Every structure is written in C-alpha cells, then in structure tokens.
Protein chains: 4
Amino acid sequence: MDEQQWIANLLKENDRDAKLTEKQIKILQAAVETFAEKGYASTSTSEIAKKAGVAEGTIFRHYKTKKDLLLAIVIPTLTKVIVPTVAKEFAKDVFENQYESYEDFLRALIKNRYHFIKKNLPLVRIFWQEFAFHPEIKEEFQKAFTENVYQRFKEMVEQFQEKGEIVELPTASIIRMTITTIGGFFLTRFVIMPEHEWDDEVEIERTIQFLMNGLRKR
Amino acid sequence: MDEQQWIANLLKENDRDAKLTEKQIKILQAAVETFAEKGYASTSTSEIAKKAGVAEGTIFRHYKTKKDLLLAIVIPTLTKVIVPTVAKEFAKDVFENQYESYEDFLRALIKNRYHFIKKNLPLVRIFWQEFAFHPEIKEEFQKAFTENVYQRFKEMVEQFQEKGEIVELPTASIIRMTITTIGGFFLTRFVIMPEHEWDDEVEIERTIQFLMNGLRKR
Amino acid sequence: MDEQQWIANLLKENDRDAKLTEKQIKILQAAVETFAEKGYASTSTSEIAKKAGVAEGTIFRHYKTKKDLLLAIVIPTLTKVIVPTVAKEFAKDVFENQYESYEDFLRALIKNRYHFIKKNLPLVRIFWQEFAFHPEIKEEFQKAFTENVYQRFKEMVEQFQEKGEIVELPTASIIRMTITTIGGFFLTRFVIMPEHEWDDEVEIERTIQFLMNGLRKR
Amino acid sequence: MDEQQWIANLLKENDRDAKLTEKQIKILQAAVETFAEKGYASTSTSEIAKKAGVAEGTIFRHYKTKKDLLLAIVIPTLTKVIVPTVAKEFAKDVFENQYESYEDFLRALIKNRYHFIKKNLPLVRIFWQEFAFHPEIKEEFQKAFTENVYQRFKEMVEQFQEKGEIVELPTASIIRMTITTIGGFFLTRFVIMPEHEWDDEVEIERTIQFLMNGLRKR
DNA sequence: CATGAATGAGTCTTCATTCAT
DNA sequence: GATGAATGAAGACTCATTCAT
C-alpha cells in the first residue's frame with residue numbers, strides 16, 4: 001500500500017485528477033520492475049501482465065501501445081520528478097536556500113540526489129537504458145534539464161564565482177564537472193558496483209572534497 | 001578494406017589463427033553497426049544478414065546463437081581491446097612509460113582513451129548498453145579490469161603518492177575519481193551531447209587540471 | 001431528427017411497440033454507416049460505440065451480439081422494406097395500379113426502386129455485401145422475395161403476355177431479365193460508377209426502352 | 001496436380017519466372033478457397049495455414065501482409081486474366097474474329113465468359129466481394145477495363161452500328177446494357193441461385209435474343 | 001561453405017463480450 | 001438503463017533457429 005502509493009503518486013498525470021485504478025498501479029509497478037531488470041525491448045507485455053496479475057488486454061486498455069507504457073513511466077519520472085521535484089522540493093531544498101558556500105550547496109545537492117536515486121533506482125535505470133534509443137525521452141530530458149535545472153545551476157555557480165570561492169572557468173565546464181563527478185559516483189555506487197560495501201557518508205564527503213579541490217579558486 | 005581490417009583484427013579470436021572470411025567480417029560489421037544503433041534486443045538477425053549481404057542461415061553457421069554473436073563482438077572488445085591493447089599498446093603507451101608526474105600520466109591516459117573511444121564508438125556503446133543485462137559481459141569486464149588495469153593503476157597511483165604529488169586518499173577512491181571524471185567527460189562528449197561543438201584540446205586540458213586540483217597534495 | 005425518424009421507423013421491430021430510445025437510434029445509425037463503409041467483419045463494436053456516442057456496453061444491452069446488431073439492421077430492411085413497403089406503399093404504387101402497359105409498369109417500378117435505393121443506399125450496400133456470408137439473410141431474403149414479390153410480379157407479367165404486349169417466354173426468364181436489367185442499371189449507377197455524371201431521367205428511359213424492345217412481342 | 005497447375009499458372013507473376021513453390025501454391029489455393037467462402041476480413045491467416053498444411057510463418061515469408069496475399073490473388077486475376085486473357089486468348093476468341101453480326105459477337109462473348117467464370121468462380125467471388133473495400137482493387141480493375149476492354153468493345157459496337165444492325169444509342173449505354181444483362185445472368189446463375197437447375201444452353205440463347213431485341217435497329 | 005525456405009513459439013495488439021457499479 | 005473497466009481468446013505478424021539442397 002505504501003509502496004503502491006509512492007509509485008502511483010509519482011506516475012499519475014498530475015496530482016489532481018488521475019485516480020489510477022488499483023490495476024493500473026499494479027501494471028505500472030510490474031512494468032517498472034521488469035523494464036529495469038531486463039530492459040524495455042526484452043520485456044514482453046504478457047510477462048508484465050502476469051506479474052501484475054491482470055489480463056494482457058488490460059494493459060492495452062490503459063496504454064495504447066507498449067511504448068506508451070514506457071513513456072508513461074519515463075516521462076513523469078522526468079517532468080514530475082526531475083522538474084517539479086527539482087523545482088519545488090529539491091529546489092527549495094537546494095537552490096532556494098542561501099548557501100554560505102558552493103561546498104554547502106554541493107553537499108545539499110548530492111545528498112538530495114542520493115536519496116532520490118536510492119529510492120527510485122529502477123526508474124532511473126530504465127531512464128538511463130532507454131535514453132539512447134528513444135528520441136522522445138532524449139528530447140524530453142533535454143527540455144526539462146535546460147528549462148529547469150541549467151539556469152538555476154548557472155546562477156548558483158556565478159554567485160560563488162563572484163564571491164571568489166570557485167575558479168573562473170566557463171560555467172558550462174563547471175556544471176559539467178560537478179554533474180559528471182557526482183554522476184560518476186552514483187554510477188559506480190548504484191550501477192557498476194552496487195554489491196560492494198560502501199560507507200556512503202565517507203564516500204560522499206570525499207567526493208565533495210575532491211570536487212571542491214578541483215574547483216576552488218586559489 | 002581498411003575499415004574491414006581493423007574490425008577484423010579487433011574481433012578475431014586471436015592474432016594467429018583466425019582467418020575471418022570476408023562474410024564473417026561483413027556480419028560482424030553489420031552487427032556492430034546495428035546493435036549500436038538499436039540495441040541488441042531490438043535488432044533482428046535477418047536485419048543483420050540483409051545489411052551484411054549474406055543469407056540468414058550464414059550467420060548461424062558462424063555463431064550458434066544471436067547471443068554468441070553479441071559476445072563475439074563484446075568479449076574481444078574487452079579481452080583484446082581493454083586487456084591487450086591496455087597491456088601492450090596502451091600500457092606501453094601509458095603504464096610502462098616513466099611519467100614525471102601523475103599529471104603526465106593522466107594526459108597520456110586520457111588522450112589514449114580519447115582516440116580509442118572515438119575510433120570504437122559503436123563497440124563502446126554496445127558494451128555500455130548490454131553490460132547491465134548480460135552477466136557474462138559483466139563478469140568478463142570485471143575480470144579484465146581487476147586483472148589487468150586495476151593493479152597497474154594502483155601502482156601508478158601509489159608511486160605518485162609516495163612522491164608526494166597526490167593526496168593520500170585510499171587508492172580505490174583516487175582511481176574511482178580519476179576514472180569517473182574522465183568517463184564523465186567522455187560520456188558527455190560522445191553520448192549525451194555529441195552534436196555540441198567541442199574544442200577537445202581545451203576540454204581535455206581543463207579536465208586534467210580539474211582532476212589534478214582535486215587530487216593534488218597540498 | 002428527421003433523419004433519425006426514418007431510420008428509426010425503418011428499423012424498429014414493428015410499427016406498434018418499439019419505442020426505440022435515442023441511444024438505440026444512434027447505435028443503429030452508427031452501425032449502418034460503418035457497416036456500409038467498411039463491411040461488417042471489419043467494423044468493431046467499439047468503433048460503433050464511439051461514433052454513436054455511447055458506451056461499449058450499451059450496444060450489448062440492446063443487441064446480444066454483434067451479429068444481432070447486423071440482423072437488426074438487415075432483416076427489417078427486408079421484412080419491413082422489401083415486404084411491406086412492397087406490399088403496401090410500393091405495391092400500392094406499383095402492383096395495385098392498373099397499368100395500361102408493361103412499359104408503364106416498368107416505369108413505375110424502376111422509379112420507385114430508384115428513389116428507394118437512393119435514400120437507403122447504405123442499407124442496400126450492407127445487405128448486398130453480407131448477403132453472401134450469412135445464411136439467415138439469404139433465407140430471409142428468398143422467403144420475402146418468393147412470398148411477396150414473385151407472385152405479384154408473375155401475375156403482372158402474365159397479364160401483359162395475355163394482352164399480347166410482351167413475348168411468350170417463361171415468366172421466370174422475363175422476371176429475371178427485367179430484374180437484372182434494372183439491377184444492372186442501379187449497380188452501375190450507384191456502386192460501380194457513382195461519381196460519373198448521370199442524367200438519370202434519360203438513362204432510366206433508355207433502360208425502359210431497351211427492356212421493352214427486348215421483351216416486346218413482335 | 002492438374003488443379004494445382006491452373007491456379008499456379010493463373011497467379012504467378014508472369015509466365016516466365018515464377019517458380020511457385022509447392023507450399024506457395026498450397027497457400028494460394030487455401031486462401032482462394034477460404035476468402036471465397038467466408039470473405040477476406042473473416043478469414044484468419046492461421047486458418048489458411050492450417051488448410052494449406054504449412055506453418056503460419058510460411059505465409060508471411062511469401063506475402064508480407066495478409067492484404068498482400070489478397071492482392072496476390074486478385075490483381076493477377078485482373079491483370080493476367082481479364083487483361084491478357086481478354087487481350088490474347090479471349091480477344092483472339094472474341095474481338096479479333098470477324099463477326100458477321102453483333103449477335104455472333106455476343107454469343108462468342110457470353111460463352112467465353114461463361115466458361116471463364118465457371119472455372120474461376122471462387123476468384124470471381126473474391127474479386128466481387130472485396131472490390132468495394134479495397135481501393136487498390138477498384139483502381140486496378142478500372143485501369144484494366146478502360147485500357148483493354150472498353151476500347152475494343154467500342155469499336156465492335158460502332159462497327160455494327162455502321163452496318164445498321166444495332167441501334168444508334170450512345171456506345172457507352174449499349175456497352176453498359178450488354179454487360180449488365182450478361183452480368184445479371186451470371187449473377188443469378190452463379191451467385192444468387194446457383195443451386196437452381198439451369199439449362200444453360202437455353203438460358204444463354206434466351207439472353208442473347210433478349211439483348212438483340214433490345215438493341216436491334218428497327 | 002552458403003543458402004533461404006520453413007518452422008512454431010512468441011510478440012504486440014484488437015475485440016466481442018461480461019459485469020460490478 | 002447506462003457505463004466502462006476488465007477479460008482472454010484470437011488475430012496478424014516477427015524472429016531465432018534448423019536443415020535439405
């Protein structure tokens with residue numbers, strides 16, 4: 001029920017309408033699980049149906065095609081999760097605070113994303129895997145990123161460049177390095193070596209220090 | 001012809017035997033191209049056959065199953081390309097030199113990998129995409145990495161830690177940061193924003209400086 | 001409303017009972033339209049429902065199966081339209097007049113049918129198309145034709161054979177020639193070349209003359 | 001074998017190439033049979049496969065879609081059967097003879113078509129049924145008719161109008177009446193009342209007389 | 001060695017029909 | 001009466017794989 005709730009909330013079209021049926025939720029859950037595990041192309045609709053405990057036809061009553069089902073999972077993960085989470089909770093959490101240093105900002109950012117990824121690992125995996133093969137997803141992502149994240153990120157960077165805390169490289173490079181360093185940590189942590197025993201607290205702090213050393217003005 | 005040569009050399013079982021017939025080469029080329037573009041699961045053997053200009057049955061004469069064909073592409077890309085290329089050319093190029101500084105080593109490493117990826121982008125993409133879904137690949141990769149790359153990398157790091165050039169973090173962390181930073185650059189450069197206009201020379205140097213700043217002992 | 005009325009009157013079970021609800025009428029209209037355009041087998045009930053603006057289930061409340069819906073359209077088109085229309089209006093119009101000549105009878109017949117077909121083209125098309133595949137329809141038609149039309153037609157023919165106007169061929173042959181000639185005209189006119197510019201008055205008269213020349217005693 | 005031969009000859013793309021496999025012939029036969037009996041839309045490919053004694057996949061190796069299979073049956077029936085049969089054998093038989101009278105021409109025409117239809121009844125039924133729903137068929141037919149039949153028919157009619165044998169109506173009307181009268185006979189004979197006991201010789205002669213009476217100049 | 005026709009299990013999708021609300 | 005979510009059997013079509021030539 002609890003488990004059902006969050007995925008339902010996450011994926012329904014918007015918070016007002018959208019009474020997802022119980023079956024719809026089960027379908028989405030089963031799809032997320034299976035897509036994440038085997039990939040979109042290798043997952044059959046009959047398998048999803050079986051796992052969801054519904055008839056195969058039921059899937060197609062709600063999602064006209066298999067691809068619609070994928071997009072129904074991935075697009076909200078972007079527009080609802082990256083965008084508003086970023087824009088509302090996350091941004092409140094991250095951007096709209098007044099940080100005393102870029103380091104503090106980094107710490108907030110990395111912790112926020114850490115918890116988000118940990119919670120939504122299957123969704124993130126699906127997004128990551130299918131990103132390359134579905135132009136719709138790629139476009140949606142770039143739009144979401146450009147419109148919502150990039151601008152705020154830029155302002156943040158410039159603010160601390162002006163304060164003389166971080167180096168005067170082009171903003172784009174700084175953003176890229178920040179993101180890839182953090183992304184690289186998450187990738188190693190959650191995708192490549194998830195079974196390794198991680199001391200997450202330490203590793204996060206280490207990553208922050210590394211980043212700060214790399215970016216600090218001196 | 002030239003094009004054919006390198007992929008033939010790259011993929012044939014080992015440098016001695018292995019007279020790949022013309023058809024085999026065409027099959028491998030077609031497979032690499034198509035797997036990279038659409039993903040393994042979404043590629044049909046008949047499509048490969050058509051693109052390679054051979055009969056459908058011919059593929060199965062050389063590769064018992066479709067998966068065999070994938071592995072015939074990916075495993076050598078690891079064992080021949082990561083391993084011996086690393087061990088012979090690359091390692092000659094990278095590890096077996098005497099570097100005056102970690103920075104020089106980084107520069108050699110990043111440039112070597114840059115050219116390799118640029119040349120083998122489709123192969124890298126396939127590896128990257130299928131990595132998650134095929135345990136064989138994952139294992140083979142981890143074996144290759146652990147046995148060949150990790151140990152040499154570690155020695156290199158320790159050498160410059162002793163010299164007092166780089167910081168005394170755990171070797172594993174330093175390796176991870178080095179690799180993810182470089183990997184992050186390549187990912188952005190070749191996968192996420194390949195169409196962006198890059199000044200590669202500048203960007204590489206920037207990445208090196210960032211890494212060095214992050215790792216330098218102070 | 002007007003449009004609704006005639007199809008309602010045409011199709012309701014019989015003139016007394018049969019208060020077809022508004023929804024029923026809409027279903028029938030949608031079904032007629034779609035069956036005529038795409039054929040019975042290629043029409044889905046959901047399509048009809050959508051076109052009629054009712055829920056899918058509603059159709060099955062009124063017609064147990066899809067085939068029932070077809071028969072609800074076709075059978076009245078026969079029993080109400082061929083039979084009573086023939087027997088009452090048409091027959092009043094056609095058979096029960098005293099014609100001075102077979103030619104006058106033909107003229108009345110062809111004009112009456114011309115207007116009927118023009119008005120009911122979709123119904124006629126459905127009947128025509130499905131005739132071959134549904135024994136019920138075939139039987140119903142043959143019954144209706146034999147019981148109601150053939151006998152009266154025969155009397156008409158014999159009457160003018162006795163008067164010496166038309167030739168002494170077997171009645172069946174004369175009826176067949178009359179019907180196929182007229183039918184052939186309608187077929188060309190409404191099915192094969194509907195978009196051709198027809199001068200119907202002239203063409204009808206020409207058909208009558210042709211028939212009379214073919215049948216006239218000399 | 002014999003049975004197989006004619007349908008193979010009839011349907012293969014052209015007399016030279018076209019080695020239809022045994023299986024292909026079986027598929028075509030099964031398809032013709034079933035389409036004729038139940039209509040295209042109501043026939044399933046699995047049914048055809050079963051009847052043909054092949055795997056369902058085999059059908060799609062030869063005909064990319066179910067509709068392709070239909071067209072592979074119907075179009076040759078037009079272009080090979082209407083056209084060249086008309087243009088070569090039939091036309092030799094019918095048009096290129098020197099007829100002494102329109103009546104002789106009619107007799108040749110009707111007998112030729114009588115045998116053709118009798119032999120190819122299923123094909124004719126399919127054509128007739130699907131004509132209305134598939135624009136491709138309609139267009140192909142109109143092309144075939146206009147290009148091959150109409151012109152020759154017209155010359156024939158005009159020739160006998162000049163000789164004063166037949167009436168001076170517009171050629172189009174005369175052709176239409178000729179065709180619909182003959183068509184009407186065939187329709188009644190083969191479609192509407194095939195089980196009736198027909199004395200075909202007599203009925204054909206009667207039809208000719210009727211037509212001639214209708215068209216004779218007087 | 002290479003071919004390509006043949007296979008049949010499996011894929012996504014549609015559809016007539018049912019039934020709880 | 002009307003709805004529309006749910007069903008599952010059936011539909012068209014795909015595909016990896018085999019095998020006779």
Side-chain angles (χ1 to χ4, degrees), chain A residues 19-24 26-27 41-50 52-69, chain B residues 21-24 26-27 40-50 52-69, chain C residues 21-24 27 41-50 52-69, chain D residues 19-24 26-27 41-50 52-69:
Chain A
K19 327 239 151 174
L20 293 189
T21 333
E22 203 187 324
K23 306 234 166 193
Q24 278 195 65
K26 278 183 179 165
I27 290 169
S42 304
T43 299
S44 76
T45 51
S46 81
E47 194 179 355
I48 296 172
K50 208 175 294 167
V54 304
E56 207 171 346
T58 308
I59 292 176
F60 290 92
R61 171 157 291 275
H62 296 291
Y63 307 96
K64 277 214 291 282
T65 64
K66 188 188 166 192
K67 185 151 192 179
D68 272 15
L69 178 56
Chain B
T21 56
E22 206 185 322
K23 303 229 167 196
Q24 280 193 65
K26 278 184 178 163
I27 290 169
Y40 169 76
S42 303
T43 299
S44 74
T45 51
S46 83
E47 196 180 353
I48 296 172
K50 204 181 295 166
V54 305
E56 290 187 54
T58 308
I59 292 176
F60 291 90
R61 179 154 295 279
H62 296 290
Y63 307 96
K64 274 219 297 280
T65 66
K66 188 188 166 191
K67 186 150 191 180
D68 274 12
L69 178 56
Chain C
T21 56
E22 206 185 320
K23 305 230 167 196
Q24 281 194 65
I27 290 169
S42 302
T43 299
S44 75
T45 51
S46 82
E47 195 179 354
I48 295 171
K50 203 179 298 166
V54 304
E56 292 186 52
T58 308
I59 291 176
F60 291 89
R61 178 155 296 280
H62 296 291
Y63 307 96
K64 273 218 300 278
T65 66
K66 188 185 166 192
K67 186 149 192 179
D68 274 13
L69 178 56
Chain D
K19 327 238 149 172
L20 292 190
T21 333
E22 204 187 323
K23 305 233 167 191
Q24 278 195 65
K26 277 183 179 164
I27 290 169
S42 304
T43 299
S44 76
T45 51
S46 81
E47 194 179 355
I48 295 172
K50 207 175 295 167
V54 303
E56 206 171 347
T58 306
I59 292 176
F60 290 93
R61 170 157 292 276
H62 296 292
Y63 306 95
K64 275 214 292 281
T65 65
K66 188 186 164 193
K67 185 150 190 178
D68 272 15
L69 178 56

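Numbered from 1 within each chain, the chains take letters A, B, ... in sequence-line order. Computed from a predicted model, the values in this text were never measured in an experiment.
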Across the strands shown, which category fits B/Ser42 at heavy-atom distances under 4.0 angstrom: base, sugar-phosphate, nothing?
->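 Result for B/Ser42 = nothing.
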Under 4.0 Å from OP1 or OP2 of [N]: is there any side-chain N or O of [X] that close?
X: B/Lys23; N: E/dT3; result: yes
X: D/Thr58; N: E/dT7; result: yes
X: A/Thr45; N: E/dC12; result: yes

Would you mind telling me which residue lines up with the more 5' stretch of DNA chain F, D/Lys67 or C/Glu56, judged by nearest nucleotide?
->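 Nearest nucleotide further toward 5': that of C/Glu56.
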Not counting sequence neighbours, which residues clear salt bridge (charged side-chain N to carboxylate O under 4.0 Å, His left out) with A/Glu56? List them please.
->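 For A/Glu56 there are no salt bridge (charged side-chain N to carboxylate O under 4.0 Å, His left out) partners, ignoring immediate neighbours.
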Residues in salt bridge (charged side-chain N to carboxylate O under 4.0 Å, His left out) with D/Lys67, at least two apart?
->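 Here the qualifying residues are D/Glu136.
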Distance (rounded to the nearest 0.5 Å) between C/Arg61 CZ and C/Gln24 CD |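 Here the rounded value is 11.0 Å.
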Just jot down the side chain to side chain contact (heavy atoms under 4.5 Å, CB included) partners of B/Lys23, sequence neighbours excluded, or say none.
->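 B/Lys23: side chain to side chain contact (heavy atoms under 4.5 Å, CB included) contacts with B/Thr21, B/Val54.
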Side chain to side chain contact (heavy atoms under 4.5 Å, CB included) involving B/Phe60 - partner list, sequence neighbours excluded |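 B/Phe60 satisfies side chain to side chain contact (heavy atoms under 4.5 Å, CB included) with B/Thr45 only.
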Closest heavy-atom contact between [X] and [Y]?
X: A/Thr58; Y: A/His62; result: O-CD2, 3.3 Å
X: B/Leu69; Y: B/Ile48; result: CD2-CD1, 4.0 Å
X: C/Lys66; Y: C/Thr43; result: NZ-O, 2.7 Å

Chain A on DNA chain F: first and last contacting nucleotide, 5' to 3', under 4.0 Å to a heavy atom?
->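 Boundary nucleotides touching chain A, in 5' to 3' order, are F/dA5 to F/dG8.
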Among all residues two or more places apart in sequence or in another chain, which pass the side chain to side chain donor-acceptor pair (under 3.5 Å) test with C/Ser42?
->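 C/Ser42: no side chain to side chain donor-acceptor pair (under 3.5 Å) contacts found.
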Between A/Ser44 and C/Ser44, who's closer to the 5' end of DNA chain E by nearest nucleotide?
->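 Going by which nucleotide is closer to the 5' end, it is A/Ser44.
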By nearest nucleotide on DNA chain E, pick out whichever of C/Ala41 and A/Ser46 is the more 5' one.
->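 By nearest-heavy-atom nucleotide position, the 5'-most residue is A/Ser46.
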Writing each nucleotide of DNA chain E 5' to 3' as (, ), [, ], | or . by Watson-Crick or G-U pairing under 3.5 Å yields .||||||||||||||||||||
Using heavy atoms and a sub-4.0 Å distance, could you list which residues of residues 59-66 of chain B are near DNA chain F? By number, please.
->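 Correct list: B/Phe60, B/Thr65, B/Lys66.
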